[in-house]
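Reading through the structure tokens given below for one structure.
Just so it is clear, the structure is predicted and the values come from calculations on it, not from any experiment.
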Amino acid sequence: MVIDGMDVPDDGAGTVDHVAELLERIARGDHEAFASLYDMLSSRVFGLILRVVVDRSQSEEVLQEVFLEVWQSAARFAPNKGQGRSWVLTIAHRRAVDRVRASQASVDRDIRIGFRDIDVAHDGVAEQAELRIESRRVTEALTALPESQREALTLAYFGGYSQSEIAALVGAPLGTVKTRMRDGLSRLRAEMGVAS
Amino acid sequence: MNEQEFAELSAASALGALDAEQQQAFDLALTMHPEWRGIAERDLETATALADYAPEVEPPAELRHHILTRVALAPQTDALPLGATPAPSTGAIQTQSRTRWMRSMFALAASFVLLVALGFTAVSINDWVNRPPEVVALQEVQSAPDAQSATAQIEGGGESTLYWADSVGKAVIVSDGLPQIADDQSYELWFVRGDESPIPAGAFAASGQRTETWILDGEMEPGDTIAITIEPAGGSPTGEPTSDAVVAIPT
């Protein structure tokens, strides 16, 4: 099986965190390692940013910010606290959400993503599920969630909406939205078998 | 705050759904209760798995060059120009996250990286001390308050960026992706100035590296276009370009 261009054993045994290794080299100022990391993850990162930010040229700016931040703060990556890939994606997501919050008037955000996105995305993801085990896993897990939880997770993660915005959007009390997020995330974890 | 309330904050934080005030409350709770750190890390790991729900999209090819150049030539202070389009918020992060100590470490790291970018695979302190003149010149130019830069596309792919500062009186050109040349050929730089014949600014053999860095030989004047041609080894024997420029950078 191939993930991010690296050959990975199907059973996960002996899996090496290649991104973590690269991050450690980057922390020491290794330029080649940085280029390898970029080649390995830029499509993954850009796809995520684009989904959240939507606007292409802004997404390109965010992509640059993300990789610069990776470069500057690679020394803060702690291999014992999780996978290198997740660390990079976490930075990308935070940057993308920051950009959306800073730049987007709330008017066009309602139709931008969110509910509509949930259905649209399914088709696209189904096509590549053959190739990408991660996307298949998360798509299946999301599908298994109750609709209200799935809605809360995707509006937050891909829509960049805050809890209170989501409460207003879906017409539910804030407390209910908080509970849906917490339960949704727990359920997602269980469905995906993410190690805790 | 009890653990139940923290779990709700933690989930929302991992999903990026907290506003600034709530985020502060979350950070504070995490500081006060290190025993809840596991909850936060687990939530973040799960939420991040959602990233793979979005299809991958290949970014435009030229962004790779921009990003690698920005990183390789990372400035030593926040105020310096970078050649590539600066993202406005980068300065803000740097201000937030970099202490003076971090800054000097970063500057040091940047120097090392520059060497790597220039083709030094094994970087040692010795290499750093014996930095090639073009690296020293580039750093000198970039540290000047009046540092400027301009970038142009190379024929057939790649980019050349010119860095100069009038106060330093030097100009350095960094090229990534120049066409390959034969052993009996050189790259030659030219000042192209108004109607005059182009003025030679140095001929250079290929270093064998993807990135070539050269100091321009001669005095640059405002408005000059800097061009690179491929000439016989040692430069054009006639003193004029014998081929079309592979890149021309207007200033």
Side-chain angles (χ1 to χ4, degrees), chain A residues 29-32 34-35 38 42-44 46-48 50-51 60-61 63-65 67-69 71-73 81-83 86 89-90 92-94 97-98 121 124-125 128 132 134-135 137-139 142 153-154 156-158 160-164 166 178-179 181-182 184-185 188-189 192 194 196, chain B residues 4-5 7-12 14-19 22 38 41-60 63-64 66-68 70-72 74 84-85 87-90 93-94 97-98 102 105-106 108-117 121 123:
Chain A
D30 187 331
H31 186 259
E32 274 179 41
F34 182 82
Y38 182 85
S42 59
S43 296
R44 169 64 285 150
F46 192 55
L48 171 61
L50 203 54
R51 172 53 64 89
E60 291 176 9
E61 288 174 26
L63 183 76
Q64 296 195 45
E65 292 175 13
F67 277 96
L68 279 175
E69 182 171 346
W71 170 255
Q72 289 169 355
S73 55
K81 297 267 178 69
Q83 299 280 305
S86 301
L89 289 174
T90 300
H93 182 251
R94 206 186 55 227
V97 169
D98 284 351
V125 170
Q128 56 163 356
R132 309 282 318 182
E134 302 102 320
S135 63
R137 245 171 28 132
V138 71
T139 303
L142 266 179
L153 295 193
T154 47
Y157 194 80
F158 294 115
Y161 293 102
S162 70
Q163 290 178 321
S164 33
I166 294 172
K178 289 180 179 177
T179 309
M181 283 189 183
R182 188 199 61 202
L185 212 55
L188 190 70
R189 176 160 47 242
M192 288 195 303
V194 169
S196 58
Chain B
Q4 196 69 6
E5 289 163 340
E8 283 184 352
L9 267 187
S10 171
L15 291 162
L18 294 182
D19 60 33
Q22 294 166 317
E41 283 165 11
R42 202 185 51 193
D43 280 349
L44 195 57
E45 190 78 19
T46 310
T48 303
L50 285 169
D52 287 305
Y53 187 67
E56 295 197 356
V57 180
E58 197 172 325
L63 269 187
R64 183 181 193 276
H66 272 300
I67 291 171
L68 295 191
R70 287 180 70 177
V71 162
T85 45
S89 47
T90 306
I93 324 150
Q94 290 173 341
S97 65
R98 276 207 261 142
M102 278 291 288
M105 287 309 288
F106 179 59
L108 186 63
S111 310
F112 279 108
V113 162
L114 186 56
L115 288 167
V116 173
T121 45
V123 174

Problem set entry | Engaged part of L50(A) at the chain B interface, taking heavy atoms whose separation is under 4.5 Å | side chain
Exercise. Who wins among A51(B), A11(B), G16(B) for the most heavy-atom pairs under 4.5 Å with chain A?
Worked result: A51(B)
Seminar exercise, completed: In this structure, CG of L68(B) is separated from CD of E32(A) (nearest 0.5 Å) by 11.0 Å
Problem set entry | Non-hydrogen atoms of P59(B) and F46(A) that approach each other most closely | CA-CD2, 3.6 Å
Exercise. Side-chain contact, heavy-atom cut-off 4.5 Å: M192(A) with T46(B)?
Worked result: yes
Problem set entry | chain A contact via E41(B) - side chain, backbone, both or neither, heavy atoms under 4.5 Å | side chain
Problem set entry | Gap separating the CD atom of Q4(B) from the NZ atom of K178(A), nearest 0.5 angstrom | 12.5 Å
Exercise. What's the shortest heavy-atom distance between A49(B) and V138(A), and which atoms?
Worked result: O-CG2, 3.6 Å
Seminar exercise, completed: Between H31(A) and V71(B), the two heavy atoms sitting closest are CD2-CG1, 4.4 Å
Exercise. Distance from L15(B) atom CG to Y161(A) atom OH, nearest 0.5 Å?
Worked result: 15.0 Å
Exercise. Could you state the interatomic distance from CD1 (I67(B)) to OG (S42(A)), rounded to the nearest 0.5 Å?
Worked result: 8.0 Å
Exercise. For Y157(A), which residues count as a ring pair (Phe, Tyr, Trp, His ring centres under 6.0 Å) partner, sequence neighbours excluded?
Worked result: H93(A)
Seminar exercise, completed: dist L63(A):CG -> R64(B):CZ (nearest 0.5 Å) comes out at 12.5 Å
Problem set entry | Closest non-hydrogen atom pair between T48(B) and S86(A), with its separation | CG2-O, 3.6 Å
Exercise. Is it true that R189(A) and D43(B) make a salt bridge, defined as a side-chain N closer than 4.0 Å to a carboxylate O?
Worked result: yes
Exercise. In terms of heavy-atom contacts, does CD of E5(B) have more than 12 from other residues, nucleotides or ligands at under 6.0 Å?
Worked result: yes
Seminar exercise, completed: When every non-hydrogen atom of A156(A) is compared with those of A17(B), the smallest separation belongs to CB-CB, 3.9 Å
Exercise. So, for R44(A) and P55(B), which heavy atoms are closest and what is the spacing to 0.1 Å?
Worked result: NH2-O, 3.6 Å
Seminar exercise, completed: Distance col, row F158(A):CZ vs L50(B):CG, nearest 0.5 angstrom, shows 5.5 Å
Problem set entry | Selection from I166(A), L153(A), T90(A), V97(A) maximising heavy-atom pairs under 4.5 Å formed with chain B | T90(A)
For this session: Just jot down the side-chain hydrogen bond (donor to acceptor under 3.5 Å, both in side chains) partners of Q22(B), sequence neighbours excluded, or say none.
Result: Q163(A)
